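Note that the structure is predicted; figures quoted are calculated from it, not measured.
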Amino acid sequence: QVQLVESGGGSVQAGGSLKLSCTVSGYIAPRYCMAWFRQVPGREREGVASEEGDEFTFYADSVKGRFTISKDSAKNILYLQMNGLKPEDSAMYYCAADPLVCLAEGEVTLRPNVYKYWGEGTQVTVSA
């Protein structure tokens, strides 16, 4: 059974940093790609950053230059380093995984409907 478990969320002041982790257990595929999403109540889930191993990463314009996605494939852990946090970054953050996403690139990799496996989320709150 595949499980994705996020951790590292919390409350910080604007300008601060957090590092989220997503630990994957269970078998997905020989190769799979992952992404981070976020969602605020009443709004659609938004893609934040995606990765395809060391070859490709893609970021939403709103986080470009501030967030960094990375993956430790040996440990099956996905990370999201978030610097320069803003109040508008406050949301529930989710990680997602899917093997077929590795065939795509760019904006497609930030669409929630292309991912099969999801975590339960970790809350990030940024105060002004």
Q. Can you pull the side chain to side chain donor-acceptor pair (under 3.5 Å) pairs that have at least one residue in residues 82-97, sequence neighbours excluded?
A. Ser17-Asn83, Arg38-Asp89, Arg38-Tyr93, Arg66-Asp89, Gln81-Asn83

(Q) For Lys75, give me all partners under side chain to side chain donor-acceptor pair (under 3.5 Å), at least two apart in sequence or on another chain. (A) none

Q. Honestly curious: do Val63 and Leu110 fall in one hydrophobic cluster under the side-chain, below-4.5 Å linking rule?
A. no

Q) For Leu100, what are the other residues in its hydrophobic cluster, where any two members join if their side-chain heavy atoms are less than 4.5 angstrom apart? A) Leu103

**Q.** Within residues 22-33 or reaching into it, pairs that qualify as salt bridge (charged side-chain N to carboxylate O under 4.0 Å, His left out) - sequence neighbours excluded
**A.** Arg31-Glu52, Arg31-Glu55

Q. Would you find a donor on one side and an acceptor on the other, under 3.5 Å apart, between the side chain of Glu6 and the backbone of Cys95?
A. yes

Q. For the residue pair Val114 and Val108, what are the closest heavy atoms and their distance?
A. CG2-O, 3.7 Å

Q | Main-chain N/O of Thr109 paired with Tyr115 side-chain donor or acceptor, under 3.5 Å | A | yes

(Q) Please report whether the ring centroid of Tyr32 lies less than 6.0 Å from that of Tyr117. (A) no

Q: Look at the side-chain heavy atoms of Ile, Leu, Val, Met, Phe, Trp and Tyr, link any pair under 4.5 Å apart, and say whether Ile28 and Trp36 land in one connected group.
A: yes

Q: Taking all heavy atoms of Val124 and all of Gly9, pick out the closest pair and write down the distance.
A: CG2-CA, 4.2 Å

Q. Nearest heavy-atom pair of Ala91 and Val40: which atoms, and what distance?
A. CB-CG2, 3.8 Å

Q) Of all heavy-atom pairs between Gly47 and Ala60, which one has the smallest distance, and what is that distance? A) O-CB, 3.4 Å

(Q) Between Met82 and Phe58, is there shared hydrophobic-cluster membership here, with clusters defined by ILVMFWY side-chain heavy atoms closer than 4.5 Å? (A) no

**Q.** salt bridge (charged side-chain N to carboxylate O under 4.0 Å, His left out) pairs, two or more places apart, involving residues 107-127
**A.** none

Q: Give every residue pair that meets the disulfide (SG to SG under 2.5 Å) criterion with at least one member in residues 96-128, sequence neighbours excluded.
A: Cys33-Cys102

Q.
Please check: side-chain N/O of Tyr79 versus main-chain N/O of Asp72, any donor-acceptor pairing under 3.5 Å?
A. no

Q.
With a 4.5 Å cut-off on side-chain heavy-atom distances among I, L, V, M, F, W and Y, is there a chain of contacts connecting Tyr59 to Leu20?
A. yes

Q. From Met92 CE over to Thr125 OG1, what is the distance, rounded to the nearest 0.5 angstrom?
A. 9.0 Å

Q. Is the Trp118 ring parallel, tilted or perpendicular to the Phe37 ring (thresholds 30°, 60°)?
A. tilted

Q. Does one hydrophobic cluster hold both Leu78 and Val101, with members joined at side-chain heavy-atom distances below 4.5 Å?
A. no

Q.
Working to the nearest 0.5 angstrom, can you tell me the gap between Ile69 CD1 and Cys22 SG?
A. 9.5 Å

Q | OG1 on Thr68 to CG on Leu80, rounded to 0.5 Å | A | 8.0 Å

Q. Do you know the tightest heavy-atom contact between Glu46 and Ser62?
A. OE2-OG, 3.7 Å

Q: Determine the minimum heavy-atom distance between Val24 and Met34, stating which atoms define it.
A: CG2-CE, 3.6 Å

